[in-house]
Amino acid sequence: MFWLMVVVVAVVVFGTAAVAAGVGGTLGSVAPAPQPLADVEGPVTSADLAEIRFPVVVRGYRMDAVDAVLDRLTDEIATRDARIRELEQPSENRAES
């Protein structure tokens with residue numbers, strides 16, 4: 001029984017050392033992921049947002065894809081807020097502009 005345990009421990013130790021040394025190879029290169037809103041032109045609609053699917057990677061979603069969507073939505077909301085402020089001004093202020 002003792003020798004069996006010694007062999008098992010030796011296999012685990014040498015196996016771990018081999019993997020840590022890179023004997024198992026490396027991961028392949030990652031292909032660039034498509035950007036979820038890249039093909040949407042004009043204002044983003046709620047239907048566009050419902051269709052978004054982010055590419056999944058080992059530790060969650062691809063950060064560049066999520067950042068791109070957040071940047072696009074930030075610009076869209078800022079544009080819409082500016083337009084709302086413009087339309088809410090009294091009509092005589094808009095006539096002066």
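Computed from a predicted structure; not experimentally measured. Just the heavy atoms: all of them, side chains too, but no hydrogens, waters or symmetry mates, feed the values below.
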Mind checking whether [X] and [Y] sit in one hydrophobic cluster, side chains of I, L, V, M, F, W, Y counted as touching below 4.5 Å?
| X | Y | answer |
| --- | --- | --- |
| Val7 | Val9 | no |
| Val6 | Val11 | no |
| Tyr61 | Leu73 | yes |

Practice task
Mind listing the closest non-hydrogen atom pair of Gly42 and Arg72 along with its distance?
Solution key: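 That closest heavy-atom pairing would be O-NH2, 2.7 Å.
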Problem - Nearest atoms (heavy-atom pairs only) where Arg80 meets Pro43 - result: NH2-CB, 3.4 Å
Exercise for the section: Determine the sole option in Ile52, Asp64, Val44 for which the side chain to side chain contact (heavy atoms under 4.5 Å, CB included) test with Val69 is passed. Expected result: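 That would be Ile52; it is the only one of Ile52, Asp64, Val44 passing the side chain to side chain contact (heavy atoms under 4.5 Å, CB included) with Val69.
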Handout entry: Between CG on residue Leu70 and CG on residue Asp75, distance to nearest 0.5 Å
Key =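 Going from the CG atom of Leu70 to the CG atom of Asp75 covers 11.0 Å.
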Handout entry: Thr74 side, atom OG1; Asp67 side, atom CG - distance, nearest 0.5 Å
Key =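 Result: 10.0 Å between the selected atoms.
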Practice task
Give a yes or no on whether the backbone of Thr45 and the side-chain of Asp48 come within a donor-acceptor separation of less than 3.5 Å.
Solution key: yes
Practice task
Step by step, work out the salt bridge (Lys or Arg N to Asp or Glu O under 4.0 Å) result for Arg83 and Glu86.
Solution key: CA-CA 5 Å; Arg83 181 70 176 143; Glu86 177 185 320; 2.6 Å; yes
